[in-house]
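Report on the following structure.
Positions are given from 1 along the sequence.
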Amino acid sequence: MNKAARNYALDWLRVGGTIAVLLFHSARFFDNGDWHVKNPLPDYGLDLFATILIQWLMPLFFILSGAGAWLALERQSAGKFAAGKVPRLLIPLLFGILVLSPPQVYLERLTHHQFAGSLFAWLPHYFDGFYAFGGNFAWMGLHLWYLLVLLTWSLVTLPLCLWLRKGAARSLAAFLARPGMIFLLVVPLVLVESLLNPNALLATQQMGGWSPLMYVLFYLYGFVLLADDRLPQAVARLWPVAALLAVLIPAFVVVSGLDTSSPYPSLRFVLMTGLRNLNAMSWLLALMGVGLRFLNFRNRFLDVAGEAVLPFYMLHQPVLLIIGYFVVQWSWPAGAKFGFIALTALVVILTIYAGLIRPFRISRFLFGMKAQPADGARRAAA
């Protein structure tokens with residue numbers, strides 16, 4: 001499989017994952033967990049939908065980021081790779097912390113009855129303490145924690161990735177390409193998560209349903225994925241088996257009546273951790289396999305959508321919360337509210353992107369986009 005095909009498959013998966021994030025957070029208004037803004041009553045169907053997505057959604061992004069790192073290090077030096085992370089990740093993160101996060105924290109304080117008043121009256125309180133520690137300042141950018149964690153791990157693991165590129169990654173990828181061997185990737189996941197106390201700070205599963213330490217493994221898995229052409233080909237062949245496992249594992253948990261809330265560090269906790277990680281890896285292999293098998297092409301939509309992924313991700317949650325704040329007060333059924341919130345947010349986000357972000361150099365910079373090519377370069381590329 002050539003580089004172009006790999007790029008197209010990864011881009012399609014990234015675009016699809018971004019749409020899934022929009023749907024996931026649209027469902028968060030209605031699930032059983034706490035969130036910034038909530039519907040008066042939860043909905044079982046949307047809670048199940050959110051539970052399924054959280055198993056694989058953010059791990060998929062880290063796998064794709066790891067694969068992207070492999071491709072980037074084929075084209076540039078380690079120094080340029082590291083330096084490129086600042087405009088691509090750090091600038092959008094800082095913009096999100098200072099501009100996109102305050103309205104979201106305000107809506108949370110308002111709907112949780114922790115403040116009464118206008119946004120402008122609340123804004124001076126944004127710097128009162130740290131969010132998640134009893135305060136308001138969203139030091140991780142709320143949903144933009146992904147940028148913070150990705151920036152951290154991409155720099156911290158860079159020496160290891162450079163060492164892997166010398167030959168170890170290719171050997172490991174060739175081994176994993178053997179029939180069934182790729183499921184051994186579940187073992188490190190289970191070992192690490194079984195040792196982590198979920199109540200500890202760095203082991204908390206409040207970031208996309210996983211500990212930030214677990215994302216190191218997913219990132220490295222993605223980095224190794226493209227080291228040998230035989231591994232993507234094996235994943236592409238394996239997707240029906242992985243998809244079947246992704247369905248059978250949760251069905252087994254439900255039918256068997258296993259206690260999914262087993263306390264750490266009990267043996268049952270380890271068992272449930274194993275099933276959870278096997279289920280997540282099955283979803284990931286199924287999705288990656290479908291992408292690598294069927295999405296080996298490029299078109300105009302992919303070119304446009306691929307460029308919009310990061311701005312879309314940055315905008316989606318604040319837009320959803322502003323719309324959802326009003327919609328959850330309506331008397332509509334939960335499913336109708338969900339559909340209206342998701343569709344309206346999609347239209348608003350795309351309008352903001354097309355009118356205020358994509359055309360302008362400063363907004364492109366703030367949202368982590370590359371500068372637009374000059375007119376002559378655009379004509380030459382057309």
Side-chain angles (χ1 to χ4, degrees), residues 21 24-40 42 50 54 57-58 61-62 85-86 88-156 196-216 264 310-311 313-326 328-329 345 366-368:
V21 167
F24 170 74
H25 280 136
S26 297
R28 287 300 323 271
F29 293 99
F30 309 96
D31 67 9
N32 284 308
D34 189 26
W35 202 44
H36 309 289
V37 176
K38 298 296 294 186
N39 195 57
I54 206 171
L57 190 50
M58 295 316 297
F61 277 103
F62 279 92
K85 294 300 176 184
V86 173
R88 179 65 173 166
L89 298 176
L90 184 57
I91 297 301
L93 175 62
L94 294 176
F95 178 77
I97 290 171
L98 297 175
V99 177
L100 300 180
S101 295
Q104 300 179 72
V105 180
Y106 165 71
L107 288 175
E108 178 178 333
R109 298 292 173 253
L110 195 65
T111 58
H112 287 60
H113 309 292
Q114 297 165 334
F115 183 82
S118 69
L119 171 63
F120 295 104
W122 177 84
L123 280 177
H125 299 287
Y126 179 59
F127 295 97
D128 293 349
F130 292 97
Y131 188 90
F133 298 95
N136 295 324
F137 180 62
W139 51 274
M140 83 306 281
L142 298 180
H143 66 297
L144 301 183
W145 64 262
Y146 164 67
L147 302 182
L148 175 61
V149 175
L150 178 58
L151 175 64
T152 301
W153 294 145
S154 61
L155 296 179
V156 168
L196 294 176
N197 185 340
N199 298 316
L201 179 61
L202 288 179
T204 178
Q205 296 181 355
Q206 297 302 308
M207 292 184 171
W210 295 83
S211 160
L213 296 176
M214 297 293 288
Y215 290 128
V216 180
Y264 172 88
L310 183 53
Y313 182 86
M314 293 176 64
L315 287 173
H316 86 276
Q317 185 165 294
V319 171
L320 278 174
L321 288 175
I322 294 170
I323 295 172
Y325 169 74
F326 297 99
V328 296
Q329 301 177 50
L366 293 174
F367 281 83

Next on the checklist: Assess the residue pair Tyr325 and Leu110 against the criterion (side-chain contact (heavy atoms from CB on, under 4.5 Å)); give the C-alpha distance rounded to whole Å, side-chain angles, the decisive distance to 0.1 Å, and a yes or no.
Outcome noted: CA-CA 10 Å; Tyr325 169 74; Leu110 195 65; 3.5 Å; yes

Item to check | Residue pair Ser101, Phe137: steps toward the side-chain contact (heavy atoms from CB on, under 4.5 Å) verdict | outcome: CA-CA 8 Å; Ser101 295; Phe137 180 62; over 6 Å; no

Next on the checklist: Between Leu142 and Met140, is the side-chain contact (heavy atoms from CB on, under 4.5 Å) condition met? List the steps.
Outcome noted: CA-CA 5 Å; Leu142 298 180; Met140 83 306 281; 4.3 Å; yes

Checklist entry - So Val105 and Trp122, side-chain contact (heavy atoms from CB on, under 4.5 Å) or not? Walk me through it. => result CA-CA 10 Å; Val105 180; Trp122 177 84; 3.5 Å; yes

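Heavy-atom minimum distance, Arg28 versus Asp34: NH2-O, 2.7 Å. Phe120 approaches Pro124 most closely through the heavy-atom pair O-CD, 3.4 Å. The heavy-atom pair separating Pro42 from Asp31 by the smallest distance is CB-O, 3.8 Å. Met207 and Tyr215 make their closest contact through O-OH, 2.6 Å (heavy atoms, listed as atom of the first residue, atom of the second, distance). Scanning both residues, Leu123 and Pro102, for their nearest heavy atoms gives CD2-CB, 3.9 Å. Of all non-hydrogen atoms in Phe24 and Ala50, the two that sit nearest each other are CE1-O, 3.4 Å.
Lys85 pairs by the side chain to side chain donor-acceptor pair (under 3.5 Å) definition with nothing, not counting sequence neighbours. In terms of the side chain to side chain donor-acceptor pair (under 3.5 Å) criterion, residue partners of Arg109 (sequence neighbours excluded) are, by chain and number, Gln114, Asn136. Evaluation of the side chain to side chain donor-acceptor pair (under 3.5 Å) rule for Gln205 yields Glu193 as partners, not counting sequence neighbours. Judged as a side chain to side chain donor-acceptor pair (under 3.5 Å), and not counting sequence neighbours, the contacts of Asn39 are Lys337.
Taking CG from Leu94 and CG from Leu366, the interatomic distance works out to 10.0 Å, rounded to the nearest 0.5 Å. Atom CH2 of Trp139 sits about 10.0 Å away from atom CG of Leu93, to the nearest 0.5 Å. Going from atom NE2 of His143 over to atom CE of Met58 covers 10.0 Å, rounded to the nearest 0.5 Å.
The closest side-chain heavy-atom distance from Pro198 to Tyr264 is below 4.5 Å. Side-chain contact between Leu57 and Trp210: absent, with no pair of heavy atoms (C-beta onward) separated by less than 4.5 Å. Looking at Phe95 and Leu100, their side chains come closer than 4.5 Å, going by heavy atoms from C-beta outward.
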List the atom pairs, donor and acceptor, that lie under 3.5 Å between side-chain atoms in residues 314-323 and the rest of the protein, sequence neighbours left out.
residue: His316; atom: ND1; partner: Tyr313; partner atom: O; Å: 2.6
residue: His316; atom: NE2; partner: His25; partner atom: ND1; Å: 2.7
residue: Gln317; atom: OE1; partner: His25; partner atom: NE2; Å: 3.4
residue: Gln317; atom: NE2; partner: His36; partner atom: NE2; Å: 3.4
residue: Gln317; atom: NE2; partner: Gln104; partner atom: OE1; Å: 2.8

Side-chain donor-acceptor contacts of residues 144-154 below 3.5 Å, not counting sequence neighbours, with atom names and distances?
residue: Tyr146; atom: OH; partner: Ser65; partner atom: OG; Å: 2.9
residue: Thr152; atom: OG1; partner: Leu148; partner atom: O; Å: 2.8
residue: Trp153; atom: NE1; partner: Pro212; partner atom: O; Å: 2.8
residue: Ser154; atom: OG; partner: Leu150; partner atom: O; Å: 2.8
residue: Ser154; atom: OG; partner: Leu151; partner atom: O; Å: 3.1

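Counting only distance, with no hydrogens or angles, the side chain of Lys38 and the backbone of Gly33 share a donor-acceptor pair below 3.5 Å.
You'll find the ring centres of Phe29 and Trp35 inside the 6.0 Å limit.
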